[in-house]
Amino acid sequence: MKPMIVLAAAAVLGTGVALAASGDPERARILDGYAAQAKAQLPAFAGFSAERGQALFLGPHAGGKLAETPACASCHTRDPAATGRHYKTGRDIPPMAVSANPKRFTDPAEVEKRFERDCVNVLGRACTAREKGDFITFLSNR
Amino acid sequence: MCPDPTPSPDLKFRLPGRKLAGIAVSALLAVAAGTASAGEFERVGPVTHAATLKECGECHMAFQPGLLPAPSWTRIMDGLQDHFGETASLPADTAAAIRQYLTQAAGSGDGRLIRITEQRWWLRKHDFEPSIWTRKAVGAKSNCEACHRTAAQGSYEDD
């Protein structure tokens, strides 16, 4: 029964299979934008890497504004499918993994706002377009 | 609670003799509430501005505008690049809308202080053992909801 419903839904949607592969269309657009920027900045750019994204996520990094947050994982937790916790205020942060939170990385303004802030706080500098794409790629596979 | 006579298990004092400590603090609170400016800030108007709720609420409870006077909110909004040590920058139009909301609905207090937790009324009501603030379930003085369960609605009863 269940597989039938899924198949029927995919057939009705038509794009269902493509979407399942590339994820949400808005997220795909955000990634395409970062890929174009990365290519412009780095002639050798050959695509995003989930491994590099994981290393960025887990850290630890030096040079950030706060000793308490040497990694993205300091707030987003080491398990990206788990609910995070703001290191200082204790506020819950919904999971970063797309599998656990399908709305992730679908609002370009929100994504840019948070990169701008969180990268500076953790790394002491802005993230590059490649780092942003790596980060989203890592979490889209989670 | 935090200093509550009927704490939820994770917020109980873990010190030996914690019951006594809890009762002592409750008694002090009762005295304080019975005198001076009882309930001055037990209810504040809830946050009714969507951008304020969203943007402030990503990292901490969106504090009600009535918790600080307008000059304090102005300083906070002027200093988002270094918001208590962190960058909390916002797009200019969003920041302007939030500034407008917070300052027009602001409360009273010392406009030189940007921390709610340094305002006189706050200190008067939170004269507890310092170890309370570092307990895991509390974590920081800014975590109102650890003890005031309905703080996000602007209701600061000692639940």
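Order of the sequence lines sets the chain letters (A, B, ...), proteins ahead of strands, with each chain counted from 1.
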- Message: For A:Phe135 together with A:Phe115, are the ring centres under 6.0 Å from each other?
- Response: yes

- Item | Under 4.5 Å from a heavy atom of chain A, the part of B:Lys54 involved | side chain

- Might you confirm whether atom NZ of A:Lys65 has over 12 heavy atoms from other residues, nucleotides or ligands at distances under 6.0 Å? yes

- Taking all non-hydrogen atoms of both residues, which atom of A:Leu139 and which atom of A:Pro80 are closest, and how far apart? CD2-CB, 3.4 Å

- Query: What part of A:Glu112 gets closer than 4.5 Å to chain B, counting heavy atoms only: side chain, backbone, both or neither?
  - Reply: neither

- Engaged part of B:Ser89 at the chain A interface, taking heavy atoms whose separation is under 4.5 Å: both

- Item | Among B:Gly57, B:Pro91, B:Ala140, B:Gly139, residue most engaged with chain A (heavy-atom pairs, under 4.5 Å) | B:Gly57

- How about A:Arg125: does its CZ atom have over 12 heavy atoms from other parts shown lying under 6.0 Å from it? yes

- Item | Side-chain donor-acceptor contact under 3.5 Å, B:Ser155 with B:Gln153 | no

- Query: Heavy-atom distance under 4.5 Å to chain A: side chain of B:Glu145, backbone, both or neither?
  - Reply: side chain

